Every structure is written in C-alpha cells, then in structure tokens.
Amino acid sequence: MKKSGSSDSKSLPAKQKVTKVVSSSFKKTTKKSKKVTKKSKYSKSTKMLPSSGEGQKWNTLVHNGVIFPPPYKPHGVKMLYKGKPVDLTPQQEEVATMFAVMLDTDYAKKDKFIENFMNDWRKILGRNHVIQKFNDCDFSPIYEWHQNEKEKKKQMSTEEKKALKEEKLKLEEKYMWAVVDGVKEKVGNFRVEPPGLFRGRGEHPKMGKLKRRIRPNDITINIGKNAPIPECPIPGESWKEVRHDNTVTWLAFWNDPINPKEFKYVFLAASSSLKGQSDKEKYEKARMLKDYIQGIRAAYTKDFVSKDITKRQIAVATYLIDKLALRAGNEKDDDEADTVGCCTLKVENVKCRPPNKLEFDFLGKDSIRYNNVVEVEIPVYKAIGQFQTGKGESDDLFDKLDTSKLNAHLKELMPGLTAKVFRTYNASITLDEMLSRDTKDGNVGEKVVVYQHANKEVAIICNHQRTISKSHAAQMSRLTEKIDELKGILDGLKTDLSRARKGKPPLKDADGKQKRNLTPEALERKIAQTDAKIEKMERDKNTKEDLKTVALGTSKINYLDPRISVAWCKRHEVPIEKIFNKSLLAKFAWAMDVDPSFRF
DNA sequence: AAGCGGACTTAGTACTATTCGA
DNA sequence: TCGAATAGTACTAAGTCCGCTT
C-alpha cells in the first residue's frame, strides 16, 4: 500500500504533476486543500516508517552507476616555446590545452595559479623537457584553435545542434534515473567530473593544480543488495568497490584528486523525495526555533556580562549568529583559502566604532566579503572590546570557542539546534513577516514586486552576492540615455500642448518635419503615457542598480521555507509559477499542498 | 575533548535557453 | 525578427555538522 501510494505520486512526470496540483488547489475551497494535506500527511507518515528505522534511508536502491567524460582527443596544434613550435605527447598537450583555454580568465594571470599549473605540468613533461619556464611559453596557437572550435559550434545550424543534443541524451538517458524503494527518481550529478585545472575561489593555495582524470578504479558504488551491479562503462576496467549501505543516500563517490581526504558524491537530484524529506525536516527544525527564540535571546543577553569568559564568548557569538546571520565558522587547513565564520573571526575582522557600533570586515564562504557596520547592545560592544584586548590582529576573537562547543551549547537550549538553523529561521521568518505586512490589494505584478523585495531583504541579510555583470555599466548608461530621450519627447509634448491650447500648430520635430496636429486631450494622454513610461524606467533602473551585487536565487533555493511562498500565493491568487521556476517547483513538490493559512 | 573521517547542504559562476524590445 | 537581456541549468567548490576513535 505504501509503495503504490508513493509511486502513484512520483511516477508521473514531475512537471505535469506539480502544475496540476498547484492550479487545481489554488482558488479552490480550503476544504479541498485540507483534505489533500491530510492525505499527504498520511502517506508521508507511512513512508517515514522505513527511514525511522535506525538511520535507514532506503530499502531498495537500483541505478546504473556513473558516466565518464570521453577520452582526450589530441588536436595536434603546436604551442610555441621561445618562439618555436613544440611537439607534445597527447597527455602533455591535454594539460597545455587546459591552460590555453583559460588564457582570457583572471586565473591565468595569477602567480599562484601559474606556479601550481607549471609544477604539475612539468611532472608530465618530464625532467629534461625543452619546456622549462612559463615565461617562454606561448599558448596562443592552442587558444586560437579553441576559439575557432567554439565559433564553429556556434555557427552550426539549429538542426545540427539538436541532433547532437539528442545523441548525447540517448547516451546518458540510463544514468539519469535511479529507483528508490520502487520509485523512479532523478539522479543529480551522474557525470564524473572531467579533468581540468583546479579553480578554487579567492586566494586558494591550490589553484591551478591539475585535477587528474577519474577512472572506474577510483569509484565506490552504493546500491541495493539485490540490484544488479552497474556495468563499468569503460571496457577492461572495474569499480574500486561496491557497497550496499542503506544508511546513506549517495549512489557513488570518489576521492577528490585535489584533496584526497575529501570525497565527491553522486546524490539524487533535489526533486527526489529523499532530498525533499530532509528539506522539510530542516524547515520544521527552524520553525521549532520560533518557540525557543525568546528564551534563547533572553539567556544570551544575560550572559553578555557573565563572569565566565567562555559563557560570555558563547553568548556574544550566538548573538552575532542570530542578529547578523553569520555562519558557524569551522576551523580551516592552511591549504585552503583563508576565510572565516563566526567562531573563527580574527581580532582584525571586527572594529569597535564608539559609542556602540561594530564594523565587520572579513572574507566568508567562497571568499565573499562581509562588510557591515551595525549598532549593537552596549554589553556586546564592551564584551568584544574585552575579547580583543591583549591580542594581536590575527588572533582569534573567540579564543575559548569553536563550532563544536558552540553547537553543543545550542543543543542544550533546543533539541537538534545548531548554528545554521538561525540562518534558516531568520531568513524564513523575515519573508513570512514582510509578505504579510507588505502585501496590498493590487494586481499580480505588484504582488510579485512585494515578494521580490522581501526576497532581496533576505539575500542581503544572508550576504548572498554575485559579481557585477561585465556589461552592467553599459546597460545602466543605455537606460539613462533612453530616459533622457523620453524626457526630451515629454518636453516637446508639453510645448505642443500649450501651443495647441492657444490654437497654434506644433513645432517642427528634430528633423524639421511638421508633426501631426493633435488635440490638447490627445496630447495630455500622450504626456501621461510618457510620464508613466519614464517612471517605470527609472524604477527599473534603480532596482537594477540595487540588485547588481545581490543574488536572490540562493535564499530561494536554500533558506526560504517554500510553504510560506505557496501559502501566500494561494491567499493572494498569485500563480505559483510567478515565484518558482520549473526546477524549484519540482524541488518543492512536498510543499505544494500546504494549507493557505500556513504561516512559518 | 581533540581530531578526523564521513555525509550532507549551501554557494557562486559559467554556460544555455528563452524572452524581450526596437 | 534579430540581437541583447534575462532566466534557467549544470557544475563543482566550500561550507556545516555528526559520530567515532584515541
């Protein structure tokens, strides 16, 4: 019964199913959607049974393993060394080409990148190779060749492109799906990562190192006991290991060639019910924090002045995580980019600005800068000052603290509470409150703007950033130009209007041609239209400038409880498709039947 | 309680597909 | 209808946190 129930809801193509559920449940009576909620709760709870058994994640698991990138195809284009063409073996050429195709990126200009690349390349060139120094290398012939190849691809007809795509799809089709407890689910990343030069973010000490090719012998497969073991797609080679571990969700993994202590996993796609279930649990935990947050805030406020320095540090750290949505901040190795989170903040990352402001300036995850001046309670301000006294700039601000101590403390306050829950909580509660406060009667477009505004607020809280697009400045000035042009037209119309009112004909236009003689009423209408157009363009221009460094997607995908959005859409008759794209609809299938009255 | 292996979520960017506006 | 702008997807790096061992 369980199986038929769940496969029923899953075997349909997600796309159709989701939109159907949405559009039918919208506008309909709440009675109906309540029924749906109950039903799904029932089927979910029966489905939970297998997973509730001691960390068990599945009963049966069937899949076809992973697909490997094609072997390297030598192009034979010779790079130059000291101005002369060099013969390279295919293997040597492959690595040279990896660098050549990056010639127009910032990476190729960084000393560290070049150094690491040269070290690994030289190993493949061999000790006595003619190529010795980077500065004598000229990769441009290979670069030109690559540009040419790209251009050729672009010039292909639509039919040719389509055929190529279909061919690829055919080849990959069988790897795209897994069957988990009898339900067909999409696999997330079934393609093994191709070899390349490591592109670490920020000042990563390993940037430019060769990420070697992964072979079947590097890969461990996880699959159901009774399922057929996936055939190794490379003839003559075999998997490293086959496991049957149903306490984990990965289908395969290999050791990261850049950092062999770490793993690269193949998981199910975000649309799978396994992922959906844990996503829901994440938000339920964040909602639980709602009931504890008052007490937690009261407790840490009290501990700002605790005589126990560890307690004081825990209190201040928790405050920062809560108020500023900082990440926990685990320790990092020397062979990683130098970034910090809350627990790893250095003295130099926080400056006291009298009387009670703090300026934060540090590189966080992905080396994204966090720079923010905030007013804090006096006791926090004082405590930070105390933590800093007698320390050097690069010393830990919270010397008595690390993430495990902090999380251990949080767990005493609420079951399962960890630092990251605060980010989820604050993001989702902000969306919920802003939506309910700011949504006014109006058309769908206006409501969507309210949503986007709330989304932006959350993105700023979480410091989700993006790089300014290369064409941003040009786009802005083009907008300004257009606005000016419209303003010119507006002036002309106004002149014409006053002349028309006096019964005079309009002035000649810029080209000296006679304009049509319009009635004052028609002119007034035109003026109003142009005015509205200008206003809209200026609004668009402002939001564009506002959002040039803000990434809205990350919070939507990871921090905002989708049920808030779905329920809001239902309440305000906004089609959910205006808020969630196809992949988000699939990812959030579990949230679609939420009651319209749902609040976070 | 430190340290580490392990598993999972979160993140920005590069590339592609689709939509928009002259 | 075309190229530019925008939206969507693929990719994989970089975090968090758990639980086991020493």
Side-chain angles (χ1 to χ4, degrees), chain A residues 55 57 69 102 105-107 150 153-154 158 161-162 165 188-194 196 198-202 204 206-207 211 220 222 245 247-250 253 255-256 258-270 274-275 278-279 281-282 321 327-333 336-337 339-344 363-368 402-408 410-411 416-424 427 459 462-467 469-472 474-475 478-479 482 537 540 544 547 549-559 580-587:
Chain A
K57 301 286 171 58
M102 291 179 74
T105 68
D106 289 343
Y107 282 115
K150 274 209 300 201
K153 223 181 234 170
K154 227 166 67 187
T158 352
K161 281 184 193 161
K162 211 170 165 187
K165 227 169 105 184
N189 53 330
F190 49 85
R191 291 183 200 89
V192 170
E193 293 176 19
F198 178 67
R199 295 156 98 113
R201 320 254 170 89
H204 196 117
K206 294 193 172 183
M207 66 168 78
K211 197 170 80 166
T220 301
N222 191 34
D245 185 352
T247 68
V248 295
T249 66
W250 52 266
F253 84 84
N255 287 91
D256 178 4
I258 292 297
N259 193 161
K261 287 182 214 324
E262 287 173 359
F263 319 98
K264 299 285 200 170
Y265 292 93
V266 174
F267 289 117
L268 293 173
L274 217 52
K275 291 280 192 192
S278 78
D279 210 26
E281 282 162 15
K282 172 182 80 185
I321 284 167
R327 295 188 184 81
N330 283 307
E331 297 292 335
K332 295 190 76 184
D333 283 345
E336 298 175 278
T339 64
V340 301
C342 183
C343 292
T344 40
L363 297 182
K365 181 177 180 179
D366 296 303
S367 294
I368 295 294
D402 60 42
T403 53
S404 72
K405 279 177 199 148
L406 180 71
N407 282 332
L410 293 176
K411 280 202 172 48
L417 184 61
T418 61
K420 78 195 267 283
V421 180
F422 284 89
R423 268 170 83 82
T424 312
C462 294
N463 199 38
H464 291 143
Q465 295 192 236
R466 58 175 185 161
T467 52
S469 88
K470 224 167 52 184
S471 56
H472 178 79
Q475 287 174 25
R478 211 168 322 151
L479 275 177
K482 272 186 193 159
M537 284 193 95
D540 288 354
K544 194 186 183 75
L547 292 175
T549 60
V550 182
L552 298 183
T554 307
S555 51
K556 222 179 198 178
I557 295 170
N558 298 302
Y559 287 100
F580 292 151
N581 63 33
K582 195 161 62 95
S583 49
L584 288 180
L585 285 173
K587 169 170 172 149

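We use all heavy atoms of the structure for the numbers below, so side chains are in, but hydrogens, waters and symmetry mates are not. These numbers were taken from a predicted model, which means no experiment stands behind them.
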Inset, instruction - Identify whether any heavy atom of A:R466 sits under 4.0 Å from a base atom; if not, whether one sits that close to sugar-phosphate; answer base, sugar-phosphate or nothing. - result: sugar-phosphate
Inset, instruction - Indicate, with a heavy-atom threshold strictly under 4.0 Å, whether A:G341 touches base, sugar-phosphate, or nothing. - result: nothing
Legend entry - Closest to the A:T339 side chain, choosing from C:dT6, C:dG15, C:dC18: C:dG15
Inset, instruction - Under 4.0 Å between any heavy atoms, over every strand shown, what does A:E336 touch: base, sugar-phosphate, or nothing? Just pick one. - result: nothing
Inset, instruction - Could you check which of C:dG8, C:dT12, B:dC8 has an atom nearest any side-chain atom of A:E193? - result: C:dT12
Inset, instruction - Answer with base, sugar-phosphate or nothing: what part of the nucleic acid does A:K153 contact at a heavy-atom distance below 4.0 Å? - result: nothing
Inset, instruction - Between C:dA13, B:dC8, B:dT10, spot the one nearest the side chain of A:T249, thanks. - result: B:dC8
Inset, instruction - Would you mind classifying the nucleic acid contact of A:P194 as base, sugar-phosphate or nothing, using non-hydrogen atoms under 4.0 angstrom? - result: sugar-phosphate
Legend entry - Sugar-phosphate only, base, or nothing, as touched by A:K165 at under 4.0 Å among non-hydrogen atoms: sugar-phosphate
Inset, instruction - Scan A:I557 against the nucleic acid and name what it touches under 4.0 Å (heavy atoms): base, sugar-phosphate only, or nothing. - result: nothing
Inset, instruction - Just compare B:dA7, C:dC17, C:dA14 and give me whichever is closest to any side-chain atom of A:D366. - result: C:dA14
Inset, instruction - Please tell me which of the listed nucleotides, C:dC18, B:dA14, B:dA11, lies nearest to the side chain of A:R423? - result: B:dA11
Inset, instruction - Check every strand shown and say whether A:S469 touches a base, only sugar-phosphate, or nothing at a heavy-atom separation below 4.0 Å. - result: nothing
Inset, instruction - Look at the side chain of A:R191 and decide which nucleotide, out of C:dA13, B:dT10, C:dA10, has an atom nearest to it. - result: C:dA10
Legend entry - Side-chain donor or acceptor of A:D256 paired with backbone N/O of A:K261 under 3.5 Å: no
Inset, instruction - For A:N407, answer base if it contacts any base atom (sugar-phosphate contacts may also be present), sugar-phosphate if it contacts only those atoms, and nothing otherwise; contact means non-hydrogen atoms under 4.0 Å. - result: sugar-phosphate
Inset, instruction - Classify the nucleic acid contact of A:F253 as base, sugar-phosphate or nothing, counting any heavy atom under 4.0 Å across all strands shown. - result: nothing
Inset, instruction - Using a 4.0 Å heavy-atom cut-off across all strands, classify A:Q465 as base, sugar-phosphate, or nothing. - result: sugar-phosphate
Inset, instruction - For A:G364, report the nucleic acid contact type (base, sugar-phosphate, nothing); a contact means any heavy atom under 4.0 Å. - result: sugar-phosphate
Inset, instruction - Remember a base hit wins even if backbone is also touched, and classify A:K420 as base, sugar-phosphate or nothing at under 4.0 Å, heavy atoms. - result: sugar-phosphate
Inset, instruction - Answer yes if the side chains of A:R423 and A:Y559 hold a donor-acceptor pair under 3.5 Å, and no otherwise. - result: yes
Inset, instruction - Pick base, sugar-phosphate or nothing for A:S404, based on heavy-atom distances below 4.0 Å to the nucleic acid. - result: nothing
